[in-house]
Amino acid sequence: MIDLIHDLEGYQAEYQRSVEDPEGFWAGVATGFHWQKPWDRVLNWNFEEPSVRWFEGGLTNLCYNAVDRHALRDGDRVALIWEPNSPNDAPRQWTYRELQEAVARTAGMLQAMGVQAGDRVCLYMPMIPELLWSVLACARLGAVHSVVFGGFSARSLADRVADAGAAVVVCSEKIRRGPRDLPCRAVVEEALDLLEAEQDHPVRKVLVQGSLDPSKPLRSFSNIQSWDWDRLWDQTTARPQPRWMDAEDPLFILYTSGSTGKPKGVLHSTGGYMVYTAYSFAQVFRTAPGDVFWCTADIGWITGHSYLAYGPLLQGATVVMFEGIPTYPDPSRFWKICERHRVSHFYTAPTAIRALMVHGDAPVQSADLSSLRVLGSVGEPINEEAWQWYHRVVGGERCPVTDTWWQTETGGILIGALAGVSPLKPTYAGRPLPGVQPVLLDPQGRELEPTDPPSEQEGLLAMRFPWPSILRSTWGDHERCRTTYFSPFPGYYFTGDGARRDADGMFRIIGRVDDVINVSGHRLGTAEIENALNRHPRVVESAVVGYDHPIKGQGIYAYVILRSGLQDLDADSENQLIHELSETVVREIGAIARPDRIQLVEGLPKTRSGKIMRRFLRKIASGDTSQMGDTTTLLDPSILDAIWAGRKG
Ligand code: WTA
């Protein structure tokens with residue numbers, strides 16, 4: 001088990017030790033887990049290739065450590081509490097022993113379908129226990145899971161399945177979210193249509209949970225077998241034992257957006273991810289047996305992977321998993337769930353806080369939140385107003401709010417307060433966790449040395465030393481991993497974020513410095529949205545930027561040039577076209593990428609060499625009326641006036 005840091009001096013001492021002797025430090029943490037065979041070497045790394053290997057030669061299994069280990073020792077402890085979408089349906093719960101049985105049985109099902117270690121399995125499912133079991137079952141078998149968030153479109157799903165080379169897809173009949181059911185199996189069928197039409201694709205087997213027709217869970221496709229979850233469940237007698245995997249064997253792929261091109265499959269490996277998610281969970285949230293931890297993120301995102309599925313279970317915590325949305329049936333739902341399950345630790349995104357804040361204090365006060373002790377925030381910068389409301393109204397001024405900064409690529413929280421130990425400063429994520437060595441760089445890649453006396457500094461956030469759960473590669477394209485994260489500033493992992501460090505060494509994350517936007521805590525590449533818009537037959541070119549949005553953090557603003565120009569376009573056909581464009585993006589990517597504003601324009605501000613100057617577009621999108629600054633580099637500066645005149649907002 002992990003020794004918790006007790007106070008600030010303890011943090012400083014542990015941090016010091018982690019920097020002076022990283023190998024000794026992490027070896028010490030790693031001994032708290034079960035290893036079937038100890039590692040030969042703690043760390044072997046270079047950031048040039050990059051190649052990072054932690055606990056090489058060690059054999060372990062993440063599912064064993066997260067589930068079996070607790071089932072054997074303390075099997076009656078509650079592992080999972082599941083709250084269904086409808087408040088009228090009864091919640092369900094599983095002890096660690098019951099979870100072990102469910103996960104082993106799911107592993108037996110996957111095995112019966114032919115899944116073996118190293119195979120990629122795509123999970124496209126709602127927030128139901130079967131999703132968590134499937135994740136853990138893959139880990140048990142040594143198969144590599146690739147969870148695709150249920151809100152992604154058939155196109156996005158098809159691209160991810162093809163890129164990962166997943167032979168098996170697990171899905172559900174439908175997704176219950178709020179008042180409506182969304183299709184799930186039908187989206188998989190649509191994705192298979194797309195795959196069949198285009199290329200020779202990897203999918204051979206599809207497992208459908210909750211099918212309406214168990215004898216034929218999926219429409220028929222050549223070369224694809226379909227299976228019904230319930231039938232297979234009933235037939236499965238095998239309970240495969242955890243397969244011992246090398247620490248550096250891949251654990252999962254999770255697709256995330258970057259500034260260019262298609263999403264990349266961030267690859268995490270077994271041992272380092274296990275050690276770091278458990279360590280960071282323990283130190284930041286500090287749960288004790290009997291506590292109830294609720295992370296509201298969907299398992300389709302990294303937060304759900306690391307702090308719903310793996311981190312808390314590795315620590316033997318009791319986790320809540322919620323199928324629905326915060327505002328259904330009304331905006332008190334989150335708080336009612338906290339009351340019902342006596343949630344002690346609550347972890348959510350600023351966008352949810354802001355969306356609920358709009359409904360005032362009454363919905364919060366309608367619930368008994370006396371069980372809450374620690375609040376967490378993740379995914380995007382938290383503004384002061386949201387922080388204060390969260391602290392005062394939700395936390396009754398007695399719960400520390402830990403603002404945790406990290407990324408899909410980092411696997412776990414790198415910067416954040418240790419709840420109740422670290423000082424809190426609203427809008428500041430705070431100090432790095434032990435083992436994490438952040439630096440601020442100038443645009444030339446020189447480290448900003450702390451000044452004497454210390455002062456506030458701002459720069460590009462990078463890491464100069466690996467932590468155990470750093471990404472190992474981008475699936476199928478290692479070069480892309482290198483050029484995206486390691487070659488911009490040789491010798492460093494570059495985060496893509498800008499940050500400020502105050503005189504006390506606390507970090508405040510400012511936001512992305514690349515063309516990635518953060519919409520309701522979801523990461524989207526502006527290039528991806530542009531590509532989607534450009535698929536519409538009437539579009540010649542488009543440019544997408546983010547702008548400040550009071551609830552979503554950032555909204556999506558799209559400028560679109562039509563083939564036919566803007567003449568002869570009356571208001572009705574303009575509205576119709578804007579609607580079609582919006583639907584095109586939803587169809588190509590998913591509803592999370594639906595533009596908030598679409599403006600049809602005659603031209604875009606470009607330099608003589610044809611580069612779009614997004615800086616100007618951002619200014620217009622945000623309604624910033626101050627001077628545009630230097631427009632002399634533009635081929636046609638007058639275009640800005642025309643765009644400004646037709647601005648949406
Ligand atoms: C942003 C989510 C400010 C940041 C875990 C990062 C944050 C991107 C915070 C990663 C935070 C995440 N404060 N910004 N506490 N947490 N971000 O991969 O820009 O979905 O680079 O991982 O979200 O998003 P991702």
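First listed ligand is number 1; within each ligand, the first listed atom is number 1.
Checked against the 6.0 Å centroid criterion, the rings of His268 and His305 do not qualify as a close aromatic pair. For Phe346 and Trp335, the distance between ring centers is under 6.0 angstrom. Ring to ring, Trp405 and Phe507 are not that close: their centroids are 6.0 angstrom or more apart. Between Phe281 and Tyr279, the distance separating the two ring centers is not shorter than 6.0 angstrom. Separation of the Tyr485 and Phe47 ring centroids does not fall under the 6.0 Å cut-off.
Glu456 places no side-chain N or O within 3.5 Å of a backbone atom of Arg500 that could act as its donor or acceptor partner.
Pocket lining of ligand 1, defined as residues with a non-hydrogen atom under 4.0 Å away: Ile302, Thr303, Val378, Gly379, Glu380, Pro381, Asp403, Thr404, Trp405, Trp406, Gln407, Thr408, Asp497, Ile509, Arg512, Asn518, Arg523.
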